[in-house]
Each structure stands twice: as structure tokens, then as C-alpha cells.
Amino acid sequence: QVQLVESGGGLVQAGGSLRLSCAASGRTFSNYAMGWFRQAPGKEREFVASISWPGRSTYYADSVKGRFTISRDNANYTVYLQMNSLKPEDTAVYYCASRTGAGISFRIYEYAHWGQGTQVVVSS
């Protein structure tokens with residue numbers, strides 16, 4: 001069964017940190033690049049970060065570069081998003097996704113499997 005399950009969201013003050021986790025089944029993780037996307041109320045889903053298989057390359061949206069870090073633990077089929085210096089504009093539902101390929105990508109349509117999302121709220 002294909003499955004991605006996000007966790008780690010919550011309420012945090014501006015300037016704070018959160019670490020999101022995404023637990024994946026082997027079929028959605030091994031040999032696949034992974035990505036994080038987010039969707040704020042009334043807005044389209046947008047790219048946040050991507051990491052290649054097995055993890056040598058990463059790519060970030062300009063809006064989070066220098067503040068967020070994507071990483072993966074291949075032995076435990078888990079991908080992380082460390083979020084520091086959070087801003088109110090980072091408030092969104094964050095989604096984990098696996099790509100049909102090993103290389104990084106910011107293109108949403110290249111990601112075949114998606115989790116249900118985890119809510120992040122950053123208060124000012």
C-alpha cells in the first residue's frame with residue numbers, strides 16, 4: 001500500500017522552529033526523490049523543498065532558502081523538513097510527496113504520491 005504520513009505540525013510563534021516528518025512506505029520512498037509542498041488558505045499549493053535519491057542534492061523555494069532544511073533517513077523511510085526562523089507567511093498545510101524519479105524537482109505534477117498534510121500556524 002502506498003502511504004505517506006506527515007507529522008510535527010503545530011502552533012509556533014514567529015521566529016520559532018518546527019520539524020516536520022514524513023513516514024513513507026518502501027514503495028513510495030526507495031529510489032524516489034521526495035518533496036515538501038504547502039498550501040495556505042485561498043492559495044494554490046506551492047513548492048517548498050525537494051531532495052534527491054539517495055539525498056545528495058536539495059533544492060528550495062526562494063521564500064524558504066536559508067531557513068528550511070530538507071533531509072532524509074533512507075534506512076527508516078523518513079523525510080524531514082526542519083523549519084527555522086518561521087514567519088506568519090509560512091502558515092499553511094504542509095504536504096509530503098514522492099516523485100516518480102530520483103532527481104529533485106519543483107514541479108508539482110511530477111509527484112505521484114501525496115500525504116494528507118500537517119497544519120503549521122505561525123503567530124505574529
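Under the 6.0 Å distance and 45° angle rule, R72 counts as a cation-pi partner of F29. Geometrically, R19 engages Y80 in a cation-pi contact defined by less than 6.0 Å to the ring centre and at most 45° from the axis. With a 6.0 Å cutoff to the six-membered ring centre and a 45° limit on the axis angle, R45 counts as a cation-pi contact of W114.
Hydrophobic clustering, with ILVMFWY side chains joined whenever heavy atoms are under 4.5 angstrom apart, keeps F37 apart from L4. A continuous path of Ile, Leu, Val, Met, Phe, Trp and Tyr side chains, each step under 4.5 Å between heavy atoms, connects Y59 with Y95, placing both in one hydrophobic cluster. Under a hydrophobic-cluster definition in which Ile, Leu, Val, Met, Phe, Trp and Tyr are linked whenever side-chain heavy atoms come within less than 4.5 Å, directly or via other members, V93 and V120 are assigned to different clusters. Both W36 and V122 are assigned to one and the same hydrophobic cluster, defined by single-linkage of ILVMFWY side chains at heavy-atom distances under 4.5 Å. A chain of hydrophobic side-chain contacts below 4.5 Å, direct or via other Ile, Leu, Val, Met, Phe, Trp or Tyr residues, connects F106 to I104.
Taken to the nearest 0.5 Å, the OH atom of Y60 stands 12.0 Å off from the CZ atom of R67. Here L86 contributes atom CG and S123 contributes atom OG; the two are 10.0 Å apart, rounded to the nearest 0.5 Å. Note that the NE2 atom of H113 and the CZ atom of R99 stand 13.0 Å from one another [nearest 0.5 Å]. Rounded to the nearest 0.5 angstrom, L81 CG and R38 CZ are separated by 9.5 Å. Of the inter-residue distances, the one linking T100 atom OG1 with N31 atom CG reads 12.5 Å to the nearest 0.5 angstrom. Note that OG of S105 is 13.5 Å distant from CE of M34, once rounded to the nearest 0.5 Å.
No side-chain donor from either of Q3 and S25 sits under 3.5 Å from a side-chain acceptor of the other. D73 and T78 share no donor-acceptor pair across their side chains, judged by distance under 3.5 Å alone. Side-chain atoms of Y111 and S50 include a donor-acceptor pair closer than 3.5 Å.
A salt bridge does not link D90 to K87: none of the charged nitrogens lies less than 4.0 Å from a carboxylate oxygen.
Using a distance-only test at 3.5 Å, with no hydrogens or angles considered, no donor-acceptor pair links the side chain of N74 to the main chain of S30. Between the side chain of T118 and the backbone N or O of G9 there is at least one donor-acceptor pair closer than 3.5 Å.
In this structure, the side chains of L20 and E6 stay at 4.5 Å or more apart for every pair of heavy atoms. Here the side chains of V79 and I70 are in contact, with some heavy-atom distance below 4.5 Å.
In this structure, Y94 and F68 have tilted ring planes: the angle between them lies in the 30° to 60° band.
Around the NZ atom of K65, the shell of radius 6.0 Å holds more than 12 heavy atoms that belong to other residues, nucleotides or ligands. Under a cut-off of 6.0 angstrom, the local environment of CD in Q119 is crowded, with over 12 non-hydrogen atoms contributed by other residues, nucleotides or ligands.
Shown here for S124 and P88, the closest heavy-atom pair between the two residues is CB-CG, 3.8 Å. For the pair A92 and A40, the tightest heavy-atom approach, listed with the atom from each and the gap, is CB-N, 3.8 Å.
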(request) Show your reasoning for whether side-chain contact (heavy atoms from CB on, under 4.5 Å) applies to L18 and Q82. (result) CA-CA 6 Å; L18 283 175; Q82 177 67 44; over 6 Å; no
